[in-house]
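Read the numbers this way: they start at 1 and go in the same order the structure lists the ligands and their atoms. Note that the structure is a prediction, hence the values are computed from the model and not measured. Below, all heavy atoms of this structure are taken into account, side chains as well, without hydrogens, waters or symmetry copies.
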Amino acid sequence: MARRKKIYEGKAKTLYEGPEPGTIVQYFKDDATAFNAEKHDVIEGKGVLNNILSEFFMLGLGQIGVPTHFLKRLNMREQLVRSCEIIPLEVIVRNYAAGSISKRLGIDEGTQLPRPIVEYCYKDDALGDPLVTEEHIAAFGWASQQDMDDILSLALRVNDFLSGVFLAVGIRLVDFKIEIGRVYEGDFQRLVIADEISPDSCRLWDVKTGQKLDKDVFRRDLGSLTDAYSEVARRLGVMPNNPPAPGKPTLVN
Ligand code: TMP
Ligand code: ASP
């Protein structure tokens with residue numbers, strides 16, 4: 001079989017040219033990083049869980065009419081997605097204070113916010129993804145005013161959807177990060193949810209016990225990350241029966 005062309009290798013995923021023009025294969029690695037890759041480990045099975053969980057959320061969003069880049073899962077580690085131009089922003093939605101907002105504003109972790117708060121960070125690893133305002137985004141042309149209106153509405157729809165899905169299985173969605181892509185259709189462009197939605201990019205706390213079920217388990221050395229992500233997958237009913245060995249894709253229909 002001909003070797004695929006690698007387009008990009010990130011911290012947790014590798015992107016390959018897809019089989020059709022305008023498609024990309026997203027390969028989910030087992031690498032976990034935190035604090036801008038200062039901390040790194042390989043966590044067996046993490047990629048498989050994130051691939052399956054991201055498929056579950058992207059399909060659900062599609063079903064309620066929120067456009068995403070997701071096309072289909074190819075195997076345990078890979079999914080086919082539409083190629084899009086990523087807007088260089090991390091869009092963060094917070095329902096409860098935790099992480100950087102707690103530090104920045106001195107709010108105790110776990111405090112419910114008066115309403116969902118949306119923040120934007122400029123995607124630049126060398127700068128450590130700094131927080132930016134809409135003023136920066138407009139002045140530097142990273143997104144138009146129309147894009148920002150659409151991004152805010154998408155982010156809040158994703159928040160309502162994910163909050164409900166998690167609450168139904170006893171999990172509180174504390175906050176999450178999404179990335180937005182542009183796809184071109186003839187003369188039109190539209191925005192879609194891109195990248196991934198997984199416990200790598202959310203904060204998830206058990207409603208009853210407050211136990212953390214997300215990447216903070218790795219960031220803060222709180223135990224087994226695979227156990228935490230497996231618990232999320234199990235509650236959502238998408239736990240693979242026989243998680244395959246890392247690095248060995250298994251075909252699904
Ligand atoms: P923060 O509290 O560190 O700003 O993180 C807010 C949310 O964004 C949290 O759910 C984790 C997620 N996140 C990422 O997905 N990637 C990142 O690089 C960072 C810093 C946070
Ligand atoms: N994803 C970022 C990193 O690797 C930060 C984080 O998620 O904490 O470094």
[atom] - nearest protein heavy atom and its distance:
atom: atom 10 (O) of ligand 1; value: D175 OD1, 2.5 Å
atom: atom 1 (N) of ligand 2; value: K215 NZ, 3.5 Å
atom: atom 4 (O) of ligand 1; value: S100 OG, 2.6 Å
atom: atom 2 (C) of ligand 2; value: K11 NZ, 3.9 Å
atom: atom 3 (O) of ligand 1; value: R203 NH2, 3.7 Å
atom: atom 18 (O) of ligand 1; value: E90 OE1, 3.8 Å
atom: atom 4 (O) of ligand 2; value: T33 OG1, 2.3 Å
atom: atom 16 (N) of ligand 1; value: K177 CE, 3.8 Å

CG/L89 to CG/D124 distance, rounded to the nearest 0.5 angstrom? 11.5 Å
Could you tell me, atom by atom, which parts of ligand 1 come under 4.0 Å of a heavy atom of [X]?
X: F176; answer: 10 (O)
X: A98; answer: 2 (O)
X: G99; answer: 2 (O)

Count the heavy atoms of every other residue, nucleotide or ligand shown that sit under 6.0 Å from [atom1] of [X], and state whether that count exceeds 12.
X: R220; atom1: CZ; result: yes
X: K11; atom1: NZ; result: yes
X: E185; atom1: CD; result: yes
X: F188; atom1: CZ; result: no

Say whether [X] and [Y], considering side chains only, have a donor N or O and an acceptor N or O under 3.5 Å apart.
X: S100; Y: R94; value: yes
X: D149; Y: Q145; value: yes
X: S230; Y: R234; value: no
X: S163; Y: D160; value: no

Are any of the protein's heavy atoms under 4.0 angstrom from atom 14 (C) of ligand 1, yes or no? yes
Under a 4.0 Å heavy-atom limit, does C121 contact ligand 1 with its side chain, its backbone, both, or neither? neither
Just to be sure I read this right, does ligand 1 sit under 4.0 Å from the backbone of S102, its side chain, both, or neither, counting only heavy atoms? neither
Verify whether the ring centers belonging to F57 and F166 lie closer than 6.0 Å. yes
Close-contact set for ligand 2 against [X] heavy atoms, below 4.0 Å:
X: F35; result: 5 (C), 8 (O), 9 (O)
X: A37; result: 3 (C), 4 (O), 9 (O)
X: R219; result: 6 (C), 7 (O), 8 (O)

Check for me whether R94 has a heavy atom closer than 4.0 Å to any atom of ligand 1. yes
Would you check the N or O atoms of D200, main chain and side chain alike, for any that come under 3.5 Å of an N or O of ligand 2? no
Out of R219, R104, K215, indicate the one that has the non-hydrogen atom closest to atom 11 (C) of ligand 1. R219
K46 and D41 ion-paired at < 4.0 Å: no
Show the numbers, then the answer: is there a salt bridge (Lys or Arg N to Asp or Glu O under 4.0 Å) between E109 and R203? CA-CA 11 Å; E109 287 208 323; R203 280 200 176 90; 5.2 Å; no
May I have the step-by-step check of side-chain hydrogen bond (donor to acceptor under 3.5 Å, both in side chains) for D150 and S153, ending in yes or no? CA-CA 5 Å; D150 292 348; S153 137; 6.0 Å; no
Side chain, backbone, both or neither: E38 near ligand 2, heavy atoms under 4.0 Å: neither
